[in-house]
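Numbers here simply count residues along the sequence, with the first being 1.
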Amino acid sequence: MTDLTAPDASGDWSLDRLADAYAYPAVDGPWLRANMVSTLDGAAQHDGRSQPISCESDMRIFGTLRGLADVVIAGAETVRQEGYRPARARDAFAARRAEAGQTPVPAIAVVSGSLDLDFSLPLFVSPLVPTLVLTGAGAPPDRIATARKAGAEVVIAGEGSRVDPARAVRELADRGHRRLLTEGGPRLLGQFVAEGVLDELCLTVAPLLTAGDAQRIAGGPAVAVPKRFALASLLEEDGFLFTRYRRN
């Protein structure tokens, strides 16, 4: 288990230390990692967004995970609620990404069966690398055409209007995206869990209580047998716990 509870001389965990600690494992195939935040009472959001339950160090780890990924996967609702924009290039990760043969920034992959998205947004028309849209074979042809006209790469990863999680992982890997990061939302993460394709969960536990009826980090039908993961690392700062679990 990695322990970075002692920060560097600046009082922070340096990006280099975090990047080393969160490096993707050397495996023969894709590796799907999730990054989520939850309150003590299980809320994944407050007022519909995750930012109010986050903190500065959580965002530092968030940026590190993005800096290491080939592609960031998000559900359409999360893209709308969180106001997703194209990933930005960061000097701190430029050398690592170049050495690993990665593009300057991770691609964003949006999962949407209906393609009910605003394709005039910067996420689609002005990313540094083309945004991918994962959808089903039954998606409306006019919406597929609109997505492609905006510059997005449409990836068929399911039948009808449903995106198959396992197929989505395979399709992304076939395009060279093997270091996968999903940022939710809860319904999408629940689908990855149910299909058994999630390899790692990076979970920030915020020292907050919100009550209410906010979603958990993973939604949808329960799995028949709970999935057992093993603790890989643990960090703490100001009462926030930054955990990382891997599939047994």
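- Between Arg96 and Asp20, at least one side-chain nitrogen of the basic residue sits less than 4.0 Å from a carboxylate oxygen of the acidic one, meeting the salt-bridge criterion.
- Residues Arg175 and Glu153 are paired through a salt bridge, judged by an N-O separation under 4.0 Å between the basic side chain and the carboxylate.
- Residues that satisfy the side-chain contact (heavy atoms from CB on, under 4.5 Å) test with Thr146, not counting sequence neighbours, are Phe119, Arg143.
- Contacts of Arg246 classified as side-chain hydrogen bond (donor to acceptor under 3.5 Å, both in side chains), with partners at least two apart in sequence or in another chain: Glu200.
- In plain terms, the two heavy atoms of Leu181 and Ala34 that are nearest each other are CD1-C, 4.4 Å.
- For Arg80 and Glu77, the salt-bridge test passes: some basic side-chain N is under 4.0 Å from an acidic carboxylate O.
- Within 6.0 Å of the CZ atom in Arg247, the count of heavy atoms belonging to other residues, nucleotides or ligands exceeds 12.
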What's the verdict on side chain to side chain contact (heavy atoms under 4.5 Å, CB included) for Thr64 and Leu15, showing C-alpha distance, side-chain angles and the deciding distance? CA-CA 7 Å; Thr64 299; Leu15 288 179; 3.6 Å; yes

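- By the 4.5 Å heavy-atom criterion applied to side chains, Val71 and Pro106 are not counted as neighbours.
- A salt bridge does not link Arg167 with Glu195: every distance from a Lys NZ or Arg NE/NH1/NH2 to an Asp or Glu carboxylate oxygen is 4.0 Å or more.
- Looking at residues two or more places apart in sequence or on another chain, you find a side-chain hydrogen bond (donor to acceptor under 3.5 Å, both in side chains) between Thr39 and Asp41.
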Can you check side-chain hydrogen bond (donor to acceptor under 3.5 Å, both in side chains) on Glu82 and Ser50, steps first, answer last? CA-CA 8 Å; Glu82 303 284 352; Ser50 61; 3.2 Å; yes

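- Taken to the nearest 0.5 Å, the NE2 atom of His177 stands 10.5 Å off from the CD atom of Gln102.
- Geometrically, Arg66 engages Tyr84 in a cation-pi contact, judged by NZ or CZ lying under 6.0 Å from the ring centre and within 45° of the ring axis.
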CA sep, side-chain torsions, deciding dist, call: Val37, Asp58, side chain to side chain contact (heavy atoms under 4.5 Å, CB included): CA-CA 8 Å; Val37 59; Asp58 183 45; 4.2 Å; yes

